[in-house]
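Hydrogens, waters and symmetry mates are skipped; everything else that's a heavy atom, side chains included, is used. Chain identifiers are assigned alphabetically (A, B, ...) following the order of the sequence lines, protein sequences preceding nucleic acid strands; residue numbering begins at 1 within each chain. Keep in mind that what you see is a predicted model, and the values were worked out from it rather than measured.
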Amino acid sequence: MTFAVTVGGRSVECSEDQALLDACLRAGVWMPNSCNQGTCGTCKLHVVSGEVDHGSSPAETLSDDERGSGMALACQARPLGDVELRQQGTSAARTAHPLRDMVATVREVSGIARDTRRILLGLNEPLTFDAGQYVELVVPGSGERRQYSLANTADEDKVLELHVKLVPGGVATHGWLFDGLAEGDEVDISGPLGDFHLPPESEDDGGPMVLIGGGTGLAPLVGIVRTALRRHPEREVVLYHGVRGEEELYDGDRLTELAGQYPNFRSVPVLSHEPAEGYREGFPTDAFVEDVATARGWTGWLCGPPAMVEAGVKAFKRRRMAPRNIHREKFTPADA
Amino acid sequence: MTTTERPDLSWLDEVTMADLERNPYATYERLRAEAPLAYVPVLGSYVASTEEICREIATSPDFEAVITPAGGRTFGHPAVIGVNGDVHADLRTMIEPALQPAEVDRWIDDLVRPIARRYLEQFEADGQAELVAQFCEPVSVRSLGDLLGLQDVESDKLREWFAKLNRSFTNAAMTEDGEFANPEGFVEGDEAKAEIRSIVDPLIDKWIDHPDDSAISHWLHDGMPPGRTRDREYIYPTIYVYLLGAMQEPGHGMASTLVGLFSRPEQLEEVVDDPALVPRAVAEGVRWTSPIWSATARISTKPVTVAGVDLPEGTPVMMSYGSANHDTGRYDAPTTYDLHRPPLPHLAFGAGNHACAGIYFANHTMRIALEELFEAIPNLERDTREGVEFWGWGFRGPTSLHVTWEV
Ligand SMILES: Cc1cc2nc3c(=O)[nH]c(=O)nc-3n(C[C@H](O)[C@H](O)[C@H](O)COP(=O)(O)OP(=O)(O)OC[C@H]3O[C@@H](n4cnc5c(N)ncnc54)[C@H](O)[C@@H]3O)c2cc1C
Ligand code: HEM
Ligand code: FES
């Protein structure tokens with residue numbers, strides 16, 4: 001008899017007389033382990049669902065209390081049916097906003113910069129989400145799905161704001177969002193998705209933040225930065241918007257207004273390919289390295305093309321930001 | 001191998017302690033291929049070198065523990081690593097409460113994290129450091145020192161003690177007559193022990209009358225009738241076990257893990273970016289360069305045949321866990337550090353009823369220290385102007401590790 005053992009989203013087969021650890025390791029799913037004889041406790045984990053036989057797990061390593069509360073030693077326990085496991089330390093999944101399928105109505109389509117559109121989608125019912133998350137749009141006729149980040153704050157829950165960049169020949173952009181799409185159209189969408197968002201307010205200490213957006217990678221940052229400043233109006237925040245040339249910049253007024261409202265917020269446009277009077281030149285990640293001597297204790301937010309996000313991770317680490325404080329959203333093409 | 005029954009092992013006559021200490025791998029690779037259980041003249045002992053034979057002997061009912069001659073000369077009797085039956089059971093009962101996972105979980109973070117931060121603060125603005133002496137060893141000894149009740153003993157003193165005890169414990173060379181080849185090699189260990197006693201004796205005096213929550217205080221009192229304590233002569237050999245291996249090895253494990261990661265920059269980056277990978281990096285680190293490379297032994301309790309070799313009752317065999325963890329029968333390219341290799345269990349913590357008692361504590365100490373290091377200095381690079389040398393046969397790790405980073 002074999003059963004399915006699920007851990008960290010991966011499922012492996014485990015026979016009834018096989019230790020959970022053995023099954024996982026053989027399938028290449030790593031779990032902490034050391035003694036493999038039930039004495040060290042390194043392999044202790046939570047059985048989230050299903051039953052296990054603890055085998056010869058010693059009471060010194062796995063107490064009755066621990067058994068009662070659903071703990072097991074992976075090197076000793078055998079499955080009595082399908083089981084789901086959770087490794088210690090990895091915190092229980094946060095309660096997530098439920099994912100929903102919706103039909104939205106196009107409220108507005110406007111060109112806001114070169115090859116860049118703002119699209120507003122009206123909802124019949126409000127959507128609960130965290131600023132920075134994204135939704136998926138179904139491309140009519142093709143069945144293809146494409147992701148677009150929300151520029152909204154969580155209370156702007158009835159009209160979703162998307163920023164979309166034209167990809168030449170692109171199914172969603174070239175063929176639809178920049179072509180046929182018109183006010184009043186209905187669009188199938190699902191959301192919210194993704195983990196690119198601030199921690200819950202109770203865990204947000206108001207520490208300094210740097211955000212770097214490449215092109216329409218600005219979209220989620222517009223939602224995040226407004227949320228962050230509302231929570232802690234005095235916090236130090238710098239936002240870099242990197243584009244190729246001045247004509248691709250947008251929402252400058254919106255950001256300037258924000259800077260007027262919040263004294264410690266700064267926004268810095270950076271042009272990579274078409275220099276223009278009065279603008280920083282180069283890549284936004286390099287501008288950050290030039291401007292900030294140390295980012296210890298900061299959180300970092302990177303969104304845009306994958307190469308820019310990678311460069312941002314390197315730049316942040318160079319300025320000694322703790323990697324666990326680096327948040328990233330890559331606009332990875334669907335066929336990558 | 002030739003077609004004769006017994007391989008010709010005369011090449012082993014040429015092997016010296018200095019060879020083994022500089023690099024034991026070539027010798028043991030040949031042993032694994034030619035004679036996984038072999039008599040090694042310079043050690044004056046049989047040696048088990050493969051994963052299978054080490055595991056078989058360490059868990060066999062026909063063997064029990066014995067301390068190596070140089071180890072016994074250094075620690076005295078009864079050290080937990082060299083005793084059996086009731087005495088072993090009593091010593092394990094004495095040390096285990098503080099090392100139980102549920103117990104360790106209670107305080108390990110509060111113990112180790114501030115210590116790691118404190119050492120990092122001393123050099124994180126410098127842009128360069130020698131991590132063995134400035135971080136790995138100090139975090140290792142301070143964490144265990146505070147747990148034991150040795151708060152007042154400086155970290156540098158604890159480091160000096162383990163280094164001296166190490167060289168004495170592994171002064172293993174024997175003459176053909178079965179005498180120690182370098183008796184003067186034990187002198188520094190004796191000096192260290194004298195100093196340890198001069199510092200720990202008064203603490204024991206204090207703990208006898210005023211027990212506190214330190215581990216050694218518990219060793220004296222736990223399980224004893226009211227008004228009685230364990231005799232200090234009975235616990236000193238096990239105190240020395242701690243002051244050598246338990247103090248030294250988490251530092252070795254951290255440093256080896258770092259050297260391994262530096263050999264795979266893309267894997268270092270993965271681990272820095274995702275601290276959840278640190279435990280796996282450490283597990284591979286101690287597989288790759290096992291801190292307790294060959295320091296413990298077993299002895300046959302009746303005539304047995306192992307790996308085709310007949311051993312009379314009372315034959316000691318040294319466990320070469322560092323060699324077992326490079327067994328090509330079990331690992332592809334074992335000399336390569338690889339975070340992503342199929343994660344088979346290794347023997348870095350030994351096996352059987354004498355397996356390491358400090359696995360959980362050690363793994364978490366190493367984990368927390370490396371988490372803090374990568375958090376404080378995510379842009380760590382090896383200083384390639386300096387080489388990295390490993391030393392040791394009984395206990396092994398990098399002797400230094402120079403790093404730089406942009407500040
Ligand atoms: C989580 C997430 C959030 C996203 N949020 C946004 C957003 O807020 N705004 C936004 O504009 N986009 C966003 N994207 C990207 C978006 O989902 C689409 O991939 C993009 O709009 C292209 O879709 P398409 O159908 O037009 O092109 P496709 O038909 O998918 O691509 C056509 C060709 O162009 C290539 N290609 C696709 N994108 C690029 C590019 N950027 N540069 C160069 N070549 C490319 C493809 O590899 C393919 O060969 C996001 C992506 C992800 C994963
Ligand atoms: C990475 C660090 C460490 C490694 C790699 C390690 C490894 C080992 C090994 C290989 C043995 C011999 C096992 C055998 O003979 O089969 C051992 C024994 C032992 N270790 Fe560890 N050890 C480490 C740290 C510690 C720590 C921190 C402690 C205590 C706090 C500790 C306590 C012990 C004890 C008490 C024994 C003797 C067990 C016995 O003989 O019953 N070790 N260790
Ligand atoms: S690995 Fe040691 S208890 Fe399971």
At a heavy-atom separation under 4.5 Å, does [X] approach chain A through its side chain, its backbone, both, or neither?
X        : answer
B:Glu375 : both
B:Asp274 : neither
B:Pro342 : neither
B:Ala348 : neither
B:Glu269 : both

Separation between [atom1] of [X] and [atom2] of [Y], rounded to the nearest 0.5 Å:
X        : Y        : atom1 : atom2 : answer
A:Glu60  : B:Thr93  : CD    : OG1   : 9.0 Å
A:Cys43  : B:Tyr360 : SG    : OH    : 10.0 Å
A:Asn33  : B:Arg280 : CG    : CZ    : 10.0 Å
B:Glu284 : A:Trp30  : CD    : CH2   : 10.5 Å
A:Arg319 : B:Asn379 : CZ    : CG    : 8.5 Å

Salt bridge (Lys or Arg N to Asp or Glu O under 4.0 Å) between A:Arg324 and B:Glu371, intermediate numbers included: CA-CA 10 Å; A:Arg324 64 184 170 79; B:Glu371 282 171 5; over 6 Å; no
Closest non-hydrogen atom pair between [X] and [Y], with its separation:
X        : Y        : value
B:Pro101 : A:Gly41  : CG-CA, 3.6 Å
A:Gly28  : B:Pro343 : CA-CD, 4.2 Å
B:Phe374 : A:Pro323 : O-CD, 3.8 Å

A:Thr42 portion near chain B, given a 4.5 angstrom heavy-atom threshold: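 Interface part for A:Thr42: both.
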Region of A:Met321 in contact with chain B, defined by heavy-atom distances below 4.5 Å: backbone
Count the heavy atoms belonging to other residues, nucleotides or ligands that lie under 6.0 Å from [atom1] of [X], then report whether that count exceeds 12.
X       : atom1 : value
B:Glu96 : CD    : yes
A:Glu84 : CD    : yes
B:Glu52 : CD    : no

Side-chain ion pair, B:Asp273 and A:Lys317, N-O less than 4.0 Å: yes
SB check B:Glu124 A:Arg320 (cutoff 4.0 Å): yes
Heavy-atom donor-acceptor pair, A:Gln37 side chain to B:Gly352 backbone, under 3.5 Å: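 Answer holds: yes.
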For chain A, the option from B:Leu347, B:Leu344, B:Val272 that forms the most heavy-atom pairs under 4.5 Å: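 The residue among B:Leu347, B:Leu344, B:Val272 with the greatest pair count is B:Val272.
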Top contributor to chain B contacts, counting heavy-atom pairs under 4.5 Å, from A:Arg26, A:Met31, A:Arg328, A:Glu66: A:Arg328
